Amino acid sequence: MFTGIVEERGTVRTLEATGDGGLLVVGCGKVAEDSAPGASVSVNGACLTVRDRNDGTLSFDLSPETLDRTTLGALRPDDPVNLERPVTLLTRLGGHLVQGHVDGVGTVERVDAAGSGTDLRIAIPDIQRRYVIEKGSVAVDGVSLTVTGVDDRGFTVSLVPHTLAVTTLGGVRRGDRVNIEVDVLAKYVEAVTGR
C-alpha cells in the first residue's frame, strides 16, 4: 500500500521487455537505501517487487500483465520515473490509499498553465470513468491527485509547483500516456452495492 506521495525521481538505466515479461533497472538513491530484494516499490504507479539492489540501482522483473496494463514497457534509458516505498504504520497518509495496481492507461489531452501551476486534462477508458468523481482522488503515474473536473471523456487535475518540480508530471506533454489508478474505495463501494 502506498500514499501517492512520490519520494524520489529515479532514472531508467535499462529495460529489456519481451512478450514474456522483462527486466527494468532503475537508478535511485533514497528509495534504494532500504529496498532489499523482495520489497515492494511503486514505479510510476505500478507496484513492483525488487529483484536485486546494487550500487544505487534497483532491478525489477516485469510480468506480461504489467507490460500489457501499464506504460512501463515504453520506458527508455534515462527516462525519469516516480518512486515510492510502501507506507508503514508510522507514516503520515498525505495522499490517499494507493495500491500500485494500475487500472489502465490514460492519454494527456491538454496541458494548460494555471497561475504558478498546471492543469492536466486526461482521457481515460470508459471502464474507469465511473470511479472518478470531482474532488475525489486518483493516482496518475503513482502521484496522488485531487480531481478538479470530470466529463464524459476523462478528468482534469491541477498540479502545484511542488508536484511539477519533484515528479515526472512536470514534463508531460499532450499525447503522453500515463498510468491511472482509480480510488480503490469507489471500486469497493460498487462491489458491495452492486451498482
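Nothing here was measured: the structure is a model prediction, and the numbers come from that model.
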Short question: side chain of [X], backbone of [Y] - any donor-acceptor pair under 3.5 Å?
| X | Y | value |
| --- | --- | --- |
| Asp141 | Val178 | no |
| Glu134 | Val150 | no |
| Thr66 | Leu62 | no |
| Arg173 | Val111 | no |
| Glu181 | Val98 | no |
| Glu7 | Arg85 | yes |
| Arg53 | Ala32 | yes |

(message) Going by salt bridge (Lys or Arg N to Asp or Glu O under 4.0 Å), name the residues that satisfy it together with Arg121, two or more places apart in sequence or in a different chain.
(response)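 Listed in chain order: Glu109, Asp151.
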
(request) Check salt bridge (Lys or Arg N to Asp or Glu O under 4.0 Å) between Arg51 and all other residues, then give those that pass, not counting sequence neighbours. (result)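 Result, salt bridge (Lys or Arg N to Asp or Glu O under 4.0 Å) vs Arg51: Asp61.
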
For a quick test of your reading: what N or O donor-acceptor pairs under 3.5 Å do the side chains of residues 37-49 make, sequence neighbours left out?
unit_1 : atom_1 : unit_2 : atom_2 : d
Ser42  : OG     : Gly45  : N      : 3.4
Asn44  : OD1    : Asn82  : N      : 2.8

(request) Please report the C-alpha distance between Val105 and Asn179 in whole Å, then the side-chain angles of each, then the deciding distance to 0.1 Å, and finally whether the side chain to side chain contact (heavy atoms under 4.5 Å, CB included) criterion is met. (result) CA-CA 5 Å; Val105 174; Asn179 293 322; 4.1 Å; yes

Quick check for you: to the nearest 0.5 Å, what is the distance between [X] atom [atom1] and [Y] atom [atom2]?
| X | Y | atom1 | atom2 | value |
| --- | --- | --- | --- | --- |
| His101 | Lys187 | NE2 | NZ | 8.5 Å |
| Arg69 | Asp103 | CZ | CG | 7.0 Å |
| Thr156 | Asp112 | OG1 | CG | 8.5 Å |

(message) Restricting to side chain to side chain contact (heavy atoms under 4.5 Å, CB included), what partner residues turn up for Val87, sequence neighbours left out?
(response) Met1, Thr3, Thr91

(message) Val166: which residues meet the side chain to side chain contact (heavy atoms under 4.5 Å, CB included) condition with it, sequence neighbours left out?
(response)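 Once residues adjacent in sequence are excluded, the partners of Val166 under the side chain to side chain contact (heavy atoms under 4.5 Å, CB included) criterion are His162.
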
(request) Kindly determine whether Ser137 and Asp183 satisfy side-chain hydrogen bond (donor to acceptor under 3.5 Å, both in side chains), including the steps that lead there. (result) CA-CA 6 Å; Ser137 297; Asp183 191 347; 4.7 Å; no

(request) Among Ile, Leu, Val, Met, Phe, Trp and Tyr joined by side-chain contacts under 4.5 Å, find the other residues sharing a cluster with Leu90 and list them by chain and number. (result)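 Listed partners: none, Leu90 stands alone.
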
(message) Before you tell me yes or no, could you show the steps for Thr14 and Leu23 under side chain to side chain contact (heavy atoms under 4.5 Å, CB included), namely the whole-Å CA-CA distance, both residues' side-chain angles and the distance that decides it to 0.1 Å?
(response) CA-CA 8 Å; Thr14 61; Leu23 179 69; 5.8 Å; no

